[in-house]
Novice: 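This is the structure, below, for whatever I ask next.
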Amino acid sequence: MNLRKIGVRALKAAAKGILVYILYFVLSLFLAPFMEMVPTLQQSIEAFVTLYLILMVIGDFLADTIYHYFFGAGKSLFVIFYLILSLKSGVVSTAFGSINLLVDLRLFLVIAMLLSLLGLARSVFQAINFMNEKASITVSL
Amino acid sequence: MNIPIRTIGIATTVFWTILILFSVSVAYSVKDLQFGFGEPQIGMSLDNKLVFSLPINVTNKSYYGIGVFNVTSIVLDEGGSIVTQGSSVMPLIEKNRAVTFFHNLTLDIGNLLQRNQSYLFNDTQLSVVECVSMKLAEIIPVQASGNFSIPWGAPLHNFTLEQPRFPAFNLTHIQVEVPLTFENHASFGFSGDVRIRMYNNAGVLAGSGDTAISVPQNSHYKGSVEFWVMASAISLSGRLEIELQTPFFSYGPQVIVYG
């Protein structure tokens, strides 16, 4: 693997990371009024985006290796467990003085987990396909 | 194998995009929901129960409709027993619509006084558990609940029956006047009848009289019940029995010794 290839990969991964962060930044502007009401939500989303971006950038940097798919699967598992832990099984409650606010996000959680499981399955298939193609190349050589 | 993998990839990307955009737009448009409360109205139901009506205005300028908008109130007494409860439901508030509906709470004062007559004479605090729930975008359940206290004003605060006076008499009868004072601290006015029976020291009914009263909310009542009794039946001491009848509640007979 030459240095130029590594440089292109790093550039690609960084560009994708920046693009996703810009997307998050734009969406967070829409969520600003909601986040002012629930300050812990902002911290939670920021931590999630940071970890997700790290996994995504490392995964993209390791493209064309089996580790790329490991990080892809890790990303999906991270989303599943983070959502379960941060959304407290889907029912989020917070208190504003004497008023308790309760939001039932179980439907959102179920859909997000199903999509993450689909992403996990995709990473597994990609890894199998990658190993299969690699084996085919080795046999043909 | 590349095509199915790519298809799964495209499908998950599309669904994630839809899910994130939908969630963000729902959260963003919550700020365009406005709630307002009008002046509470107090009325009387056909079965003589007090009805508190709170007009609730909901202006939905969000991107989605609001499903099952529910307001529930539970009023508890000092001991934590339920005094009354009421629930109002709006099945659907469509987007760009403003809706006003009434949240009614029916209070059977007679029933309340049966449990504890001190509500008639003593001001106190009642606890209210208020719960507002709705489905944002018709699918995301949200619930806000809180506790607060409301003052209970006694309708017969400082109820005082003074010693009977005898302002007039003739050869056979004596006029009896029993002064009566109280303060209506309740949030409702009431009218009714006060009836007094006078018994002499032998326990014989000497006479009785009644008077109609009408007491607006937060006002002081000062009046008297006047009646004539036979001079031969009256004694220097005895007892008075007082009864109060209003559409909301009945009280008595309360026995007061005179002389």
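Order of the sequence lines fixes the chain letters, A, B, ..., with proteins taken first and strands second; residue numbering starts at 1 for each chain.
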Novice: Would you indicate whether B/Ile3, at its atom CD1, is surrounded by more than 12 heavy atoms from other residues, nucleotides or ligands within a distance under 6.0 Å?
Specialist: no
Novice: Can you tell me if CZ on B/Phe159 sees more than 12 non-hydrogen neighbours from other groups inside 6.0 Å?
Specialist: yes
Novice: For the candidates A/Leu105, A/Ile128, A/Leu31, A/Leu107, which exhibits the highest count of non-hydrogen atom pairs separated by less than 4.5 Å from chain B?
Specialist: A/Leu31
Novice: How about residues 91-103 of chain A versus chain B: which residues have heavy atoms under 4.5 Å apart?
Specialist: A/Ser98, A/Ile99, A/Asn100, A/Leu101, A/Leu102, A/Val103
Novice: Quick check: under 4.5 Å, non-hydrogen atoms only, which of residues 64-72 of chain B neighbour chain A?
Specialist: none
Novice: Any chance you could lay out the side chain to side chain contact (heavy atoms under 4.5 Å, CB included) test for A/Phe108 and B/Val26, step after step, and finish with the verdict?
Specialist: CA-CA 12 Å; A/Phe108 169 81; B/Val26 169; over 6 Å; no
Novice: Please output the residues of residues 119-150 of chain B in contact with chain A, using a heavy-atom cutoff of under 4.5 Å, in numerical order.
Specialist: B/Ile139, B/Ile140, B/Pro141, B/Val142, B/Gln143, B/Ala144, B/Ser145, B/Gly146, B/Asn147
Novice: If you count heavy atoms of other groups shown closer than 6.0 angstrom to CZ of A/Phe48, is the number above 12?
Specialist: yes
Novice: Just to be sure I understand the criterion: a residue of residues 112-125 of chain A counts if one of its heavy atoms is under 4.5 Å from a heavy atom of chain B. Which ones qualify?
Specialist: A/Ala112, A/Leu115, A/Ser116, A/Leu118, A/Gly119, A/Arg122, A/Phe125
Novice: With a 6.0 Å cut-off (strictly less than), is the heavy-atom count around NZ of B/Lys61, excluding the residue itself, greater than 12?
Specialist: no
Novice: Which value, rounded to the nearest 0.5 Å, describes the distance between B/Leu21 atom CG and A/Phe30 atom CZ?
Specialist: 9.5 Å
Novice: Do A/Gln126 and B/Ile8 make a side-chain contact, defined as non-hydrogen atoms from C-beta onward lying under 4.5 Å apart?
Specialist: no
